[in-house]
Amino acid sequence: MEEYTFRPSTDSLDDPPNSRLFLVTSKSIAEDVIREHFSIYGEIQDIWVVKDKQTKESKGVSFVKFAKSSQACRAMEEMHGKCLAEGTKPIKVFIAQSRASGSHRDVEDEELTRIFVMIPKSFTEEDLKETFKEFGDIEYCIIIKNKTTGESKGLGYVRYQRPSQAATAIENCDKTFRAILAEPRNKNVSSENEYFGNSRADHGVNDPGMSAYPFDGSNYSMGDVRGADIITRCLMVSSRASITQEQLYGLFDLIPGMEYCEVQRDPYGFSKGQAMIRYNNLGSAIYAKEKLHGFEYPPGNRLAVSYVDDGEDRSSPVGKMAMQLVAAQMMSMVWSGPAGAQLMKTGAGYPPPAIPQIPRVQTDVALPPPKKMAPSDSRVKERLFVVFNPAPLPVDVLEDVFCRFGALLEVYLVPGRNVGYMKFAERKSATEAMAALHGKVVNGVKMKVMLADPPKEESHKRQRTY
DNA sequence: CGACGGGACGC
DNA sequence: CGACGGGACGC
């Protein structure tokens, strides 16, 4: 263990980065004079006038620690070259070198005015400028692109006129941009990089198309549209393997509007492998039939879904034709995707019935309906640690499943491992997701769902500037 | 038992 | 030229 060392709680040396000023003044300038002139720029956490140990005389050097980098930068910009008292020399003001660096070279504006951001691939340089101009005068914006295809890499630089503007952007822009100060271009890779070439650019690890994702239910072709079919809100599900009420409910409830679900039982209480499902609207029933007929659930067990005559009055030929017309339109829409939906909208003269999302998950647990993800700048209140067997589920499936308990912030899969983390903005959402999903199977993948241990406190190598 | 990311610029 | 002190009481 280390010796006990005193760690001040308020100003941790240079936290946040670039929040401390280095002043060169006349030796007659005292702390109170500095405070007088600098406190208007923000919250001063510490002022230290360096003095000779013996004589106690000022060495004409001081440090001023602000709460924020933007405050320190502003003070530097405004105060550099000013005189703090009659007959004293103009002061010099710089951002202090970080204590650890050991260097006493002046920190130049060049290093303080350019930020590096992560942006959507669709962002143009104009988009970038529009987004970041609210924080200050932009000198230029550049997006890093693939040199051959011209495609954006989702990274950009924004150069501001002044350090305080760059600092303000880093402090206040949306967290999803991950804004940090850009490393200066010149002084590049020499010391801390490996000797073997570039590497590190593209680890193409998690290819979603290749992921171990045994069943997604999307490839099963639909049944023919036969005029003789009766179409009802009521469905019969047949399965050779026995399925519990809860499993079936969870599966068919993925389509909104289910109002009845019951597994048929024989006199001994065992499932006969048949169940009745009813939806409160025809569209959902049609959709369920087309999507779940032939669906493998559990994996290897193909479900058969058919319409059941529910005794509803269908005697009117007009009514029957209308229903079948609706059914045919919906199926063509499913076949041809959104374009078909557009055609139908204009062709039929009335808006199509709402089509639920394609069920992407099959699971042995009844899931609540999906909820919105938490805002991306929310604080992480709880993390779940999930172990997958035999292989991780795709991120989009995990988002779909874990978001249903609310406040899901992010899904992170550890590359090359069968584990991942689910970040939540609410503790309750996390614990409810854990209670509902631990030990359960989704798309053939069994999950262990536990509270994550706190991340290991690594040395603050990567400094964040907010 | 399984465990902690992501991001760098043709001079 | 102009660069690194102070000093502490909890889960």
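Quick note: numbers below take in every heavy atom, side chains included, and nothing from hydrogens, waters or symmetry partners. Note on naming: letters A, B, ... go to the chains in the order of the sequence lines (proteins, then strands), and numbering restarts at 1 for each one.
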chi for C:dC9 classified (syn = within 90 degrees of 0, anti otherwise) as syn
| query | Between B:dG10 and A:Arg185, is there an OP1 or OP2 to side-chain N/O distance shorter than 4.0 Å? | reply | no
Would you confirm whether A:Asp52, through its side chain, and A:Gln54, through its main-chain N or O, come within 3.5 Å as a donor-acceptor pair?
yes
Taken to the nearest whole Å, CH2/A:Trp48 to P/C:dG6 is 8 Å
| said: Checking A:Lys145 against A:Glu125 for the salt bridge (charged side-chain N to carboxylate O under 4.0 Å, His left out) test, could you report, in this order, the C-alpha distance in whole Å, the side-chain angles of both residues, the deciding distance, and whether it holds? | reply: CA-CA 11 Å; A:Lys145 301 172 184 147; A:Glu125 275 152 11; 3.6 Å; yes
Whole-Å distance, A:Ile180 CD1 to B:dG6 P, equals 13 Å
Atom CZ of A:Phe94 and atom P of C:dC1 are separated, to the nearest Å, by 14 Å
note: A:Phe388, atom CZ; B:dC1, atom C1'; distance rounded to Å ~ 15 Å
Residue pair A:Ile47/A:Phe22 against DNA chain C: nearer the 5' end by closest nucleotide is A:Phe22
Residues in residues 145-163 of chain A with a heavy atom under 4.0 Å of DNA chain B, by number, are A:Lys147, A:Leu155, A:Tyr157
message = Determine whether the aromatic ring centres of residues A:Phe177 and A:Phe132 are separated by less than 6.0 angstrom.
response = yes
Less than 4.5 Å apart, side chain to side chain, heavy atoms only: is that true for A:Thr88 and A:Ile29? yes
Quick note, salt bridge (charged side-chain N to carboxylate O under 4.0 Å, His left out) partners involving residues 413-430 of chain A, not counting sequence neighbours, are A:Glu382-A:Arg427, A:Glu410-A:Lys423, A:Lys428-A:Glu432
message: Considering every strand and a 4.0 Å limit on heavy-atom distances, what is the contact class for A:Val61: base, sugar-phosphate, or nothing?
response: sugar-phosphate
| Are A:Asp400 and A:Arg404 within salt-bridge range, i.e. N to O under 4.0 Å? | yes
Between CZ of A:Arg114 and P of B:dG7 the distance, given in whole Å, is 17 Å
The side chain to side chain contact (heavy atoms under 4.5 Å, CB included) partners of A:Thr168 (sequence neighbours excluded) come to A:Ser70, A:Phe135, A:Asn172
The side chain to side chain contact (heavy atoms under 4.5 Å, CB included) partners of A:Ser378 (sequence neighbours excluded) come to A:Ala374, A:Pro375, A:Leu409, A:Ala425
Taken to the nearest whole Å, NE2/A:His104 to P/C:dC1 is 12 Å
To the nearest angstrom, the NE2-P distance between A:His438 and B:dC1 comes to 15 Å
The correct set of residues in residues 120-143 of chain A placing a heavy atom under 4.0 Å from DNA chain C is none
Relative to each other, are the rings of A:Trp48 and A:Phe63 parallel, tilted or perpendicular (30° and 60° limits)? parallel
What pairs of nitrogen or oxygen atoms, one from the protein and one from nucleotides 2-5 of chain B, lie under 3.5 Å apart?
| unit_1 | atom_1 | unit_2 | atom_2 | d |
| --- | --- | --- | --- | --- |
| B:dG2 | N2 | A:Lys448 | NZ | 3.0 |
| B:dA3 | OP1 | A:Arg417 | NE | 3.1 |
| B:dA3 | OP1 | A:Arg417 | NH1 | 2.8 |
| B:dA3 | N6 | A:Asp453 | OD2 | 3.2 |
| B:dA3 | N1 | A:Asp453 | N | 3.0 |
| B:dA3 | N3 | A:Tyr421 | OH | 2.6 |
| B:dC4 | N1 | A:Tyr421 | OH | 3.2 |
| B:dC4 | O2 | A:Arg383 | NH1 | 2.7 |
| B:dC4 | O2 | A:Arg383 | NH2 | 3.4 |
| B:dC4 | N3 | A:Arg383 | NH2 | 2.7 |
| B:dC4 | N3 | A:Tyr421 | OH | 3.4 |
| B:dC4 | N4 | A:Asp453 | O | 3.0 |
| B:dG5 | O4' | A:Tyr412 | OH | 2.5 |
| B:dG5 | O6 | A:Glu410 | OE1 | 2.8 |
| B:dG5 | O6 | A:Glu410 | OE2 | 3.4 |
| B:dG5 | O6 | A:Lys423 | NZ | 2.3 |
| B:dG5 | N1 | A:Glu410 | OE2 | 2.6 |
| B:dG5 | N2 | A:Glu410 | OE2 | 3.3 |

- Message: Do the side chains of A:Glu110 and A:Arg159 get close enough for a salt bridge, i.e. N-O under 4.0 angstrom?
- Response: yes
Salt bridge A:Arg20-A:Asp14, side-chain N to carboxylate O under 4.0 Å:
yes
